[in-house]
J.: 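Sharing a structure here in structure tokens format.
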Amino acid sequence: MPAAAAPIISSVQKLVLYETRARYFLVGSNHAETKYRVLKIDRTEPKDLVVIDDRHVYTQQEVRELLGRLDLGNRTKMGQKGSSGLFRAVSAFGVVGFVRFLEGYYIVLITKRRKMADIGGHAIYKIEDTNMIYIPNDSVRITHPDEARYLRIFQNVDLSSNFYFSYSYDLSHSLQYNLTVLRMPLEMLKSETTQPRQESFDIFEDEGLITQGGSGVFGISSEPYMKYVWNGELLDIIKNAVHRDWLLYIIHGFCGQSKLLIYGRPVYVTLIARRSSKFAGTRFLKRGANCEGDVANEVETEQILCDASVMSFTAGSYSSYVQVRGSVPLYWSQDISTMMPKPPITLDQADPFAHVAALHFDQMLQRFGSPIIILNLVKEREKRKHERILSEELVAAVTYLNQFLPPEHMIIYIPWDMAKYTKSKLCNVLDRLNVIAESVVKKTGFFVNRPDSYCSILRPDEKWNELGGCVIRAGRLQTGVLRTNCVDCLDRTNTAQFMVGKCALAYQLYSLGLIDKPNLQFDTDAVRLFEELYEDHGDTLSLQYGGSQLVHRVKTYRKIAPWTQHSKDIMQTLSRYYSNAFSDADRQDSINLFLGVFHPTEGKPHLWELPTDFYLHHKNTMRLLPTRRSYTYWWTPEVIKHLPLPYDEVICAANLKKLIVKKFHRYEEEIDIHNEFFRPYELSSFDDTFCLAMTSSARDFMPKTIGIDPSPFTVRKPDETGKSVLGNKSNREEAVLQRKTAASAPPPPSEEAVSSSSEDDSGTDREEEGSVSQRSTPVKMTDAGDSAKVTENVVQPMKEVYGINLSDGLSEEDLSIYSRFVQLGQRRHKQDRSSQQLCSRCPDGVIKLTPISAFSQDNIYEVQPPRVDRRSTEIFQAHIQASQGIMQPLGKEDTAMYREYIRNRYL
């Protein structure tokens, strides 16, 4: 097999910060603790940051000796054993970055993490807690009275709330980009490894790779897409001074993963939302776009489908679909000083040549390709002009830009007044959205890393032949993207994105050979699981931008929401209004400080003294931009040449410069995703296994009764789902009886599932359930009048389960068929090849069978055992002898492999 490519796994995953009076020593290691790196941070500089990375890879023994020498050299008296000169300050899992206000620098460390998803063996973690440590020593610290206030504002950005990172998977890019990079031709990878790099003097760089021949594997690491990186400004000061493994880029948004069980076959459904760090902020304070084409509330949502039975990126089956939400790309705002629930919309600047929209769509063409499809959900007919102002301006901008684009790459504009259709009793909102979703997915296509299955080629679906995108030898590529917007890009947008995602999910399942038609219906376990993911996704994004959870959900537009949902919607509306009126300004200051939009400087106004942050986000108000774009040729020339493919994924010299390519041994830990995922060097338990703890369609959505079709694509009644069984006390009692009487029923739901039931449940009810479930026999919990009802619900009719009622008498035809089957089996079992005389004595009605297979003894009664070759027999005998203490001599190949393993791991 030729040399392959694999993502580079960071060798800094565990950190320990050691402290002396003059320095901090940050010791980082990989997860197996076999390779170490050391970062020295000077504490004697009051306002400057001095970080030294020797770029040497230490072994565990070398690090112990180094720390021992540091401890000995920093004691107050030489040879004194009572006091230590080196203190262990904190343990961490990554460096968020370095920040300075008016005094010295701080270092921000990740102290707690939680695994949230797994993509091809690459773990995605959520930050649970951080620690902010002041670097300069107290003896050199120069205090400032406003330092504490800046520190408090900075810490208002809660890093434990929806910030994610990965040591081996680039979260700032899509799955399509990451896998496209890995499929790059090997000739280009070889040319990239020959170029001198900053880390070329690493002792592990190219050791022995020339003599080993084809045993090398190309490790690839790409530069992150900085638009979705939130700690880029915090890492910028050390970016060129340290090894790349110290740089841990984090994203902000949402990450959720659930397991879809299809007759026991696990399929992971992952939803990742990346919030843009450009022009970021809160609801009413960030509207429209800035002068560089970055829009407010811009979020890229990617749904990933993968067959979890095969983990590898090269051998597994993966599919993804990307869509975007964002504010209308115009200069507009809303004045919140009027204290109105819906402040009036005003256009701040005239833009007759759609300059801002051109910059925005040029970015999208470069990242996603064409076509760019705009789904505009704002109102079109109003008594008083409000949302319609945005629609009219957006139509004018798109019309102007389209007249210069080639016809095949024009921006597609779809206006649809969703609020109007929702109020109408004659129209079904989701049916209309489903029609739009079908047309959108057919135009953009989706990504899948495997070619069409043979059954799809043999019996193609009529919708499959109309699918767009780009078909390549290794699968399909998504070209273009759907951009959805309303005014806030929250409630209506989330429902529209869910419908498009549901349509794309059907095509993804069909492409992986998991369903026979690219169509999914509501009220199936698969769609319920996907809907719950999207509601969590919508609630999280709404809290980040609007200050409250979603007000209108998918159930609201399906008009099946319970009456209690209306009161919850009112509370969410009030919560959103309160947040926008009283706390959004403080949150906006925190975001501006965290992202480096505002830098505190001595002698200049403080952040809280600024009347507005308009000048911070619009750089053209402070200085003239160096280049001015053409009014007609508004796109980047290189981008338009490669359409419909996105320019960022095209193999060219500019994109190759963004890659770090290094050749490793095939057993090197930096590219061994098997050891990274399974971790055979540490003790693990099933209770802590992530794949067992995640939401599962079989455990959390499938009904708990016997005889139910286990397929997640079967339409069920609303009261048949696994979660609604625990909806109230009586249903929960019935569920306990079902679990005790049905041997094949799934285990009881987790504590999380119970807590997600209706609000009427109390702690006393849960204790009763726990005490009942520990008994060995079912306990009667209902009155006598309800006993028949409970029995009817628990014990299903035999006809429904087995297809026949044994209490009734069998017909003569059934008895005749059964007796013939028994006689046939007896004769086939006793039949001898040499004697054919018994065939003439067959009783009447017995069918005579003549074997036509080459395997004459291979039938339901006996199977011919396979033949074992000589080599396999010798291996088995050697295994038996090894258990008895008799060891076989090692061959040359085994000795060479062992030597290579020892050299790579310990030398």
Side-chain angles (χ1 to χ4, degrees), residues 1-11 13-14 29-37 56-64 120-123 167-168 182 186 189-190 193 202-221 245 309-316 661-685 689 865-907:
M1 182 179 177
I8 297 178
I9 303 171
S10 174
S11 60
Q13 299 188 20
K14 294 181 178 180
S29 71
N30 58 357
H31 200 279
E33 298 183 359
T34 57
K35 294 182 180 181
Y36 290 80
R37 292 184 181 273
H56 181 71
V57 180
Y58 297 85
T59 63
Q60 192 175 59
Q61 184 63 29
E62 290 174 344
V63 166
R64 288 177 180 175
H122 301 269
Y167 298 112
S168 55
L182 296 182
L186 298 181
L189 295 180
K190 292 176 182 177
T193 53
D202 196 326
I203 64 171
F204 284 92
E205 181 67 23
D206 288 320
E207 178 187 350
L209 288 176
I210 300 176
T211 59
Q212 293 294 329
S215 63
V217 176
F218 289 103
I220 300 180
S221 177
D245 286 348
S309 56
V310 181
M311 186 183 64
S312 168
F313 271 156
T314 55
V661 182
K662 184 178 175 183
K663 199 170 185 182
F664 295 91
H665 294 283
R666 56 181 175 177
Y667 301 113
E668 194 75 31
E669 293 173 343
E670 289 174 279
I671 49 94
D672 190 355
I673 193 60
H674 180 273
N675 277 356
E676 178 70 17
F677 178 75
F678 289 103
R679 294 178 181 175
Y681 40 80
E682 69 178 24
L683 180 65
S684 58
S685 62
T689 306
R867 295 181 179 180
V868 182
D869 58 1
R870 181 181 176 184
R871 177 60 179 162
S872 301
T873 306
E874 291 176 354
I875 293 175
F876 180 72
Q877 290 176 352
H879 176 71
I880 297 298
Q881 292 175 357
S883 64
Q884 299 173 355
I886 306 173
M887 304 303 297
Q888 300 292 325
L890 294 176
K892 293 183 179 180
E893 183 180 353
D894 299 329
T895 307
M897 183 182 298
Y898 182 69
R899 286 178 178 173
E900 184 179 3
Y901 170 77
I902 292 297
R903 182 174 65 253
N904 294 335
R905 188 173 181 89
Y906 299 108
L907 299 182

J.: Scan for salt bridge (charged side-chain N to carboxylate O under 4.0 Å, His left out) pairs involving residues 871-881, sequence neighbours excluded, and state none if there are none.
T.: Arg870-Glu874, Arg871-Glu874
J.: Thr895: what forms a side-chain hydrogen bond (donor to acceptor under 3.5 Å, both in side chains) with it, not counting sequence neighbours?
T.: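 Thr895 satisfies side-chain hydrogen bond (donor to acceptor under 3.5 Å, both in side chains) with no residue once adjacent residues are dropped.
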J.: In Å and rounded to the nearest 0.5 Å, what is the CD to CD distance from Gln60 to Glu33?
T.: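 Spacing of CD (Gln60) from CD (Glu33) equals 6.0 Å.
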J.: Identify, with sequence neighbours excluded, every residue that meets side chain to side chain contact (heavy atoms under 4.5 Å, CB included) alongside Asn675.
T.: Asp672, Pro680
J.: Does Ser11 have any side-chain hydrogen bond (donor to acceptor under 3.5 Å, both in side chains) partners at least two apart in sequence or in another chain, and if so, which?
T.: Asp245
J.: Provide the closest heavy-atom pair for Ile220 versus Ala5 in the form atom of the first, atom of the second, distance.
T.: CD1-CB, 3.8 Å
J.: Output all residues satisfying side chain to side chain contact (heavy atoms under 4.5 Å, CB included) with Tyr898, sequence neighbours left out; order by chain, then residue number.
T.: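 Checked Tyr898 against side chain to side chain contact (heavy atoms under 4.5 Å, CB included); matches are Ile902.
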J.: Quick one: which of Val661, Leu182, Ile8 gives a side chain to side chain contact (heavy atoms under 4.5 Å, CB included) with Phe218?
T.: Val661
J.: In chain order, what residues pass the side chain to side chain contact (heavy atoms under 4.5 Å, CB included) check against Leu683, with sequence neighbours excluded?
T.: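 Applying side chain to side chain contact (heavy atoms under 4.5 Å, CB included) to Leu683 gives none.
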J.: Testing Lys35, Glu669, Glu676, Arg37 for side chain to side chain donor-acceptor pair (under 3.5 Å) with Asn30, which one passes?
T.: Glu669
J.: Please list all pairs meeting salt bridge (charged side-chain N to carboxylate O under 4.0 Å, His left out) that have one or both residues in residues 879-888, counting only residues at least two apart or in different chains.
T.: none
J.: Could you list the residues that satisfy side-chain hydrogen bond (donor to acceptor under 3.5 Å, both in side chains) with Ser872, not counting sequence neighbours?
T.: Asp869
J.: For Glu682, which residues count as a side chain to side chain contact (heavy atoms under 4.5 Å, CB included) partner, sequence neighbours excluded?
T.: His31, Arg679
J.: For Tyr36 versus Val63, what's the shortest heavy-atom pair and its separation?
T.: CB-CG2, 3.3 Å
J.: Applying salt bridge (charged side-chain N to carboxylate O under 4.0 Å, His left out) as the test, list every pair that has at least one member in residues 878-894; sequence neighbours left out.
T.: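 As it turns out, there is no salt bridge (charged side-chain N to carboxylate O under 4.0 Å, His left out) pair with a partner in residues 878-894 once direct neighbours are skipped.
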J.: With a 6.0 Å cut-off (strictly less than), is the heavy-atom count around CZ of Phe677, excluding the residue itself, greater than 12?
T.: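 Enclosed: over 12 neighbouring heavy atoms sit under 6.0 Å from CZ of Phe677.
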J.: Taking ring pair (Phe, Tyr, Trp, His ring centres under 6.0 Å) as the test, write out the residues that go with Tyr58, two or more places apart.
T.: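 Partners of Tyr58 under the ring pair (Phe, Tyr, Trp, His ring centres under 6.0 Å) test: His56.
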J.: Considering residues at least two apart in sequence or located in another chain, which fulfil the side-chain hydrogen bond (donor to acceptor under 3.5 Å, both in side chains) criterion with Ser168?
T.: His122
